[in-house]
Amino acid sequence: MSTNVARTADGWWVEHEGRLTRIHTDARTTRELLADRPAVEKARAAPAPEGQPLSGTRLLSPVTVPARVVAQMVNYRSHAHDSGFDPDRVPPTFFRKASGSVCGPADDIRCPEHVEFLDYEVELGLVIGRRIEVGSVLSDDDLSDAVAGIVLTNDVSARDVQLTRTQFYESKSYPTFTPVGPFLTLLDPTETASLERLRLTLSVNGEIRQNSTVADMIVKPARALTLLARFQTLDPGDLVLTGTPGGTALKAPRPVVEKIGALLPPAVKWKAFFKRQAGNPLYLKDGDVIAATITDPVAGIDLGRQHTIVRKPVRAAL
């Protein structure tokens, strides 16, 4: 049975039916908490009525930083279609995010002044449970040992920075660009084997934009960690984002437009592209409310609900 762990400014807690039970541990980091599983189990077994109400409690990211934050690019078939790729021919691709981008599940998303095209990407995050050395090969049977738990994340993206500069690292690493939580959901082996049933949803101002399951993934978690381990060591507490479903604001141009764009100099092409994008109402605006969930009602897994608000700076009139 899964266990939802929450983090506040004064400690760690187990969540059960809307109440929080303190975990009596000296752990200050996610890595240290994962090493103190007896304390987690003791809190999980405590009577739920002893806990304080979850409602009204400000939760922090259950993944502490500094830590490695790695993400997969175009890893859902629906997202590949949106991006103009053949999902059967998309190469597995990874990129890093600065751990300073991690924030809590209810923190405001602060958009830098120079960013105009802000996008959302709900993603399932894997929290590493043991050291994975370079050269490791993982099977599905190894996943429950290698992955301690899962988290809800949003890979917020500055598309104008990402595309015009080919800068994934910068475009996805501004502070508050990786909301995480509210819960670190620790799974048992049977639950780890059935991740494909997890449903990811994201809405903006109540309008559902993304709604898919992990079954739509192109490269599944065990294979992804094996590919990542070709060149990257991972440690307990590190975070791996596994891609987003279709439904983001950014969409690939129509084939005929793309062919014309290929003939233009890069500066002219991107200027024309973003001129068209300026009429796209799906990009995030100041005051937009983003809600995201990841659940599997059959297994009773619920990673909680993110509720974040976009804050864009007010530009002074010229």
Side-chain angles (χ1 to χ4, degrees), residues 2-3 5 27 29-38 40 61-77 79-80 87-99 101-102 121 123-153 155 168-169 172-173 178 180 184-198 200 213-244 294 296 301 303:
S2 63
T3 303
V5 173
T29 67
T30 304
R31 179 174 185 171
E32 291 170 351
L33 181 76
L34 294 176
D36 195 4
R37 291 299 287 265
V40 176
S61 164
V63 174
T64 57
V65 295
R68 295 184 184 94
V69 182
V70 186
Q72 290 177 262
M73 184 179 77
V74 191
N75 195 39
Y76 278 71
R77 302 183 72 85
H79 191 210
D88 294 319
R89 303 183 67 177
V90 175
T93 305
F94 301 92
F95 59 91
R96 288 287 293 269
K97 296 186 63 144
S99 64
S101 67
V102 171
E121 296 188 6
E123 304 204 14
L124 174 68
L126 310 178
V127 179
I128 303 304
R130 65 164 173 83
R131 185 172 175 86
I132 301 175
E133 300 282 2
V134 170
S136 298
V137 176
L138 281 73
S139 67
D140 289 341
D141 291 338
D142 299 319
L143 204 58
S144 61
D145 177 49
V147 175
I150 53 178
V151 289
L152 167 62
T153 68
D155 178 22
F168 277 77
Y169 186 67
K172 294 167 175 284
S173 288
T178 313
V180 178
L184 164 59
T185 300
L186 306 176
L187 303 175
D188 67 30
T190 60
E191 292 168 326
T192 306
S194 58
L195 292 180
E196 290 195 350
R197 288 200 307 258
L198 289 170
L200 294 76
T213 67
V214 171
D216 190 37
M217 266 190 192
I218 298 171
V219 179
K220 302 300 194 292
R223 177 62 176 160
L225 293 178
T226 296
L227 294 172
L228 188 55
R230 291 183 303 182
F231 61 90
Q232 171 74 78
T233 295
L234 294 169
D235 286 307
D238 287 346
L239 175 63
V240 178
L241 280 60
T242 56
T244 195
I294 298 180
D296 175 4
I301 297 174
L303 276 58

Novice: Does any non-hydrogen side-chain atom of R68 lie less than 4.5 Å from one of V240?
Specialist: no
Novice: Can you measure from CD (Q232) to CD1 (I132) and round to the nearest 0.5 angstrom?
Specialist: 10.5 Å
Novice: Any side-chain heavy-atom pair from F168 and T93 closer than 4.5 angstrom?
Specialist: no
Novice: Using a 4.5 Å cut-off on heavy atoms from C-beta on, say whether the side chain of E196 contacts that of M217.
Specialist: no
Novice: To the nearest 0.5 Å, tell me how far L184 CG sits from L239 CG.
Specialist: 10.0 Å
Novice: Side chains of S144 and D188: closer than 4.5 Å at any heavy-atom pair?
Specialist: no
Novice: Please confirm whether the backbone N or O of T213 pairs with a side-chain atom of D216, one donor and one acceptor, at under 3.5 Å?
Specialist: no
Novice: Identify the heavy atoms of S136 and A229 that sit nearest to each other, and give their distance.
Specialist: O-CB, 3.7 Å
Novice: For the atom pair CG (L138) and CG (L225), what is the distance rounded to the nearest 0.5 Å?
Specialist: 6.0 Å
Novice: Which pair of non-hydrogen atoms, one from F94 and one from A224, has the smallest distance, and what is that distance?
Specialist: CZ-O, 3.4 Å
Novice: Taking all atoms of both residues into account, what is the closest heavy-atom pair of R96 and S173, and its distance?
Specialist: O-OG, 4.4 Å
Novice: Donor-acceptor check, side chain of K97 to backbone of K172, threshold 3.5 angstrom: yes or no?
Specialist: yes
Novice: Salt bridge or not for D238 and R31, using N-O below 4.0 Å?
Specialist: no
Novice: To the nearest 0.5 angstrom, please state how far the CZ atom of R223 sits from the CD1 atom of I218.
Specialist: 13.5 Å
Novice: Of the options L228, V219, L227, which is the one that meets Q72 in a side chain to side chain contact (heavy atoms under 4.5 Å, CB included)?
Specialist: V219
Novice: Tell me, do L186 and L34 make a side-chain contact under 4.5 Å, heavy atoms counted?
Specialist: yes
Novice: Got a donor-acceptor contact below 3.5 angstrom from the N75 side chain to the T242 backbone?
Specialist: yes
Novice: Looking at S61 and V180, what are the two nearest heavy atoms and their distance?
Specialist: OG-CB, 3.5 Å
Novice: Heavy-atom count check: over 12 atoms from other residues, nucleotides or ligands less than 6.0 Å from R197 CZ?
Specialist: yes
Novice: Test side-chain contact (heavy atoms from CB on, under 4.5 Å) on L195 and L143 and set out the steps.
Specialist: CA-CA 11 Å; L195 292 180; L143 204 58; 4.1 Å; yes
Novice: Considering only heavy atoms from C-beta outward, does the side chain of L200 approach that of T244 to under 4.5 Å?
Specialist: no
Novice: Could you give the distance from CD1 (I294) to CD (E123), rounded to the nearest 0.5 Å?
Specialist: 9.0 Å
Novice: Which atom names give the shortest non-hydrogen contact between L303 and V151, and what distance separates them?
Specialist: CD2-C, 3.5 Å
Novice: For a 4.5 angstrom cut-off between non-hydrogen side-chain atoms, does V147 reach P221?
Specialist: no
Novice: Is there side-chain contact between I150 and L124, with at least one heavy-atom pair below 4.5 Å?
Specialist: yes
Novice: Going from CD1 on I128 to OG1 on T30, what distance comes out if it is rounded to the nearest 0.5 angstrom?
Specialist: 12.0 Å
Novice: Considering all heavy atoms of both residues, which atom of S2 and which atom of L187 are nearest to each other, and what is their separation?
Specialist: CB-CD2, 3.9 Å
